[in-house]
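Following: one structure in structure tokens, then a few remarks.
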Number of protein chains: 2
Amino acid sequence: MLSNACQYAIRSVLYLSIHSTHEIKIGVKKVAEELETPQPFLAKLLQQLAKSNLISSVKGPNGGFYLTEKNLENSLWDIVKCIDGGDKFDNCFLGLSLCDDSNPCPVHFIVTPFKDKLLNDFRDKTLAQFTKEIITTRRVLSLKDYNVLEKK
Amino acid sequence: MLSNACQYAIRSVLYLSIHSTHEIKIGVKKVAEELETPQPFLAKLLQQLAKSNLISSVKGPNGGFYLTEKNLENSLWDIVKCIDGGDKFDNCFLGLSLCDDSNPCPVHFIVTPFKDKLLNDFRDKTLAQFTKEIITTRRVLSLKDYNVLEKK
DNA sequence: AAAAAAAAAGACTTCTTTATCCTAATTATA
DNA sequence: TATAATTAGGATAAAGAAGTCTTTTTTTTT
Ligand code: FES
Ligand code: FES
């Protein structure tokens, strides 16, 4: 559904949203390590997000990426739009050129409620809200330490 | 979610399920035209489906593809398994290496109910049942004539 | 002012998916 | 039996996505 790139981007922004502030900037290297994503590829994505003012960045020593209060007012949907484009959820699940209630494909009414719900969630919640939920409900952004935990 | 190839395959099988019988076989050319899919590409897919005994075929004049009673007992999921592989729905929506209730990503509990429902629908209904539904509820497999209809 | 650390930018490579083309094998029918 | 229609199979091409590498620019620190 979402491209690889977009998945990386979303997880990165959420990561920054949790761990960065204006004072604590985080470099690509760190983010890529924590999320286990290819570093140079992620760098491109963060650049693109920064260019679209979805995240903030500062060059030079102790520089890096971070989110401002304003950045936190954006939604996950803004990230998807930036990386994958805004028509990502418009397509018919079976590849019809148009997804439409009046010409529904055989799985249309199974798929659309879900798409609508997801789209709403992505569009209506700010990153700030989303992040708060992530923290209180202990959602994970990386399975980096999963094996370690299992070994215990 | 599903690959292009798999979407074509599903629509083709449903098309055959509606329009073909042992007596009425349908060639790739016809199917590709009706569904507006690239012909040689679709040919490959139908070959693959035939090889896996999901559809039947006969060569030569008046030959083509069709579904037997037995073919109709298969499910959409069988088609997905044949073309995209059986792990298609296992992946985490945000790209974590594992999708799992005990290490849920931020959208896990939004996404999984849908995936489960879809997977059940795909797995539990036979093509025969599915097709019956398609006919009684007038679902569409192609928007070939959509523009024509609009023009009227 | 120099050096070092980081992001920004662009060119390039690799991999996967999608799609096409050509030839062979099979079968009905004239 | 010859011919034509049609699937089967293999090789190849084109496009897009994913990922890498190198150079430039900016900024902090010494
Ligand atoms: S028409 Fe296929 S999902 Fe809406
Ligand atoms: S863990 Fe991400 S969708 Fe299940």
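Reckoned from all heavy atoms, side chains included, excluding hydrogens, waters and symmetry mates. Each chain gets a letter, A, B and so on, in the order the sequences are listed, and its residues count up from 1.
Transitive grouping of hydrophobic side chains (ILVMFWY, heavy atoms separated by less than 4.5 Å) keeps B/Val140 and B/Leu127 in distinct clusters. Cluster membership check: B/Val80 shares its hydrophobic cluster with A/Phe93, using side-chain heavy-atom separations under 4.5 Å among Ile, Leu, Val, Met, Phe, Trp and Tyr. Hydrophobic clustering (side-chain heavy atoms under 4.5 Å, transitive across Ile, Leu, Val, Met, Phe, Trp, Tyr) groups B/Ile134 together with B/Trp77.
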Can you list, pair by pair, the side-chain donor-acceptor contacts under 3.5 Å of residues 44-60 of chain B, counting residues two or more places apart and other chains?
from, atom 1, to, atom 2, distance (Å)
B/Gln48, NE2, B/Cys82, O, 3.1
B/Ser52, OG, B/Gln48, O, 3.2
B/Ser56, OG, B/Asn71, OD1, 2.6

Let me have the donor-acceptor pairs involving side chains of residues 109-121 of chain A, under 3.5 Å, with sequence neighbours excluded, atom names and distances please.
from, atom 1, to, atom 2, distance (Å)
A/Thr112, OG1, A/His108, O, 2.6
A/Lys115, NZ, A/Phe89, O, 3.1
A/Lys115, NZ, A/Asn91, O, 2.8
A/Asn120, OD1, A/Arg123, NH2, 3.1
A/Asn120, ND2, A/Asp116, O, 3.4

Using residues 19-27 of chain A as the side-chain source, report each donor-acceptor pair under 3.5 Å to any protein atom, sequence neighbours left out, with the distance given to one decimal.
from, atom 1, to, atom 2, distance (Å)
A/His19, ND1, A/Tyr15, O, 3.2
A/Ser20, OG, A/Leu16, O, 2.8
A/Ser20, OG, A/Leu67, N, 3.2
A/Thr21, OG1, A/Glu23, N, 3.1
A/Thr21, OG1, A/Ile24, N, 3.0
A/Lys25, NZ, A/His22, O, 3.0

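By the ring pair (Phe, Tyr, Trp, His ring centres under 6.0 Å) test, B/Phe41 is found to be paired with B/Tyr8, residues two or more places apart in sequence or in another chain being considered. Every residue was checked against the ring pair (Phe, Tyr, Trp, His ring centres under 6.0 Å) condition with B/Phe65, not counting sequence neighbours, and none meets it. For A/Glu73, the side chain to side chain contact (heavy atoms under 4.5 Å, CB included) criterion is met by A/Thr126, not counting sequence neighbours. Remark: A/Lys29 pairs with A/Glu33, A/Gln39 by the side chain to side chain contact (heavy atoms under 4.5 Å, CB included) rule, at least two apart or across chains.
Using a 4.0 Å cutoff to heavy atoms of chain B, the contacted part of DNA chain C runs 5' to 3' from C/dT18 to C/dT29.
A heavy-atom distance below 4.0 Å to DNA chain D is reached by these residues of residues 59-70 of chain A, ordered by number: A/Lys59, A/Gly60, A/Pro61, A/Asn62. Taking a 4.0 Å limit (strictly below) on heavy-atom distances, residues 18-28 of chain B reaches DNA chain D at B/Ile26, B/Gly27, B/Val28.
Consecutive Watson-Crick or G-U pairs involving DNA chain D, each under 3.5 Å on both distances, make up stems of three or more pairs at C:1-30 with D:1-30.
In this entry the distance linking CD of A/Gln39 with C1' of D/dT20 reads 11 Å, nearest Å. A/Gln47 has its CD atom 16 Å from the P atom of D/dC21, to the nearest Å. Following rounding to the nearest Å, B/Leu46 (CG) and D/dA8 (P) show an atom-to-atom distance of 8 Å. Rounded to whole Å, the distance from CG on A/Leu45 to P on D/dT20 is 12 Å.
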What protein N or O atoms touch nucleotides 16-19 of chain D N or O atoms at under 3.5 angstrom, if any, and at what distances?
from, atom 1, to, atom 2, distance (Å)
D/dA18, OP1, A/Asn4, N, 3.1
D/dG19, OP2, A/Tyr8, OH, 3.2

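No donor-acceptor pair closer than 3.5 Å links the side chain of B/Lys88 to the backbone N or O of B/Lys81. A/Arg139 places no side-chain N or O within 3.5 Å of a backbone atom of B/Pro104 that could act as its donor or acceptor partner. Within the 3.5 Å criterion, the main-chain N or O of A/Ser75 finds a donor-acceptor partner in the side chain of A/Asp78. Between the side chain of B/Asp84 and the main chain of B/Cys6, no donor-acceptor pair closer than 3.5 Å is present.
Heavy atoms of other residues, nucleotides or ligands lying less than 6.0 angstrom from NZ of A/Lys30 number 12 at most.
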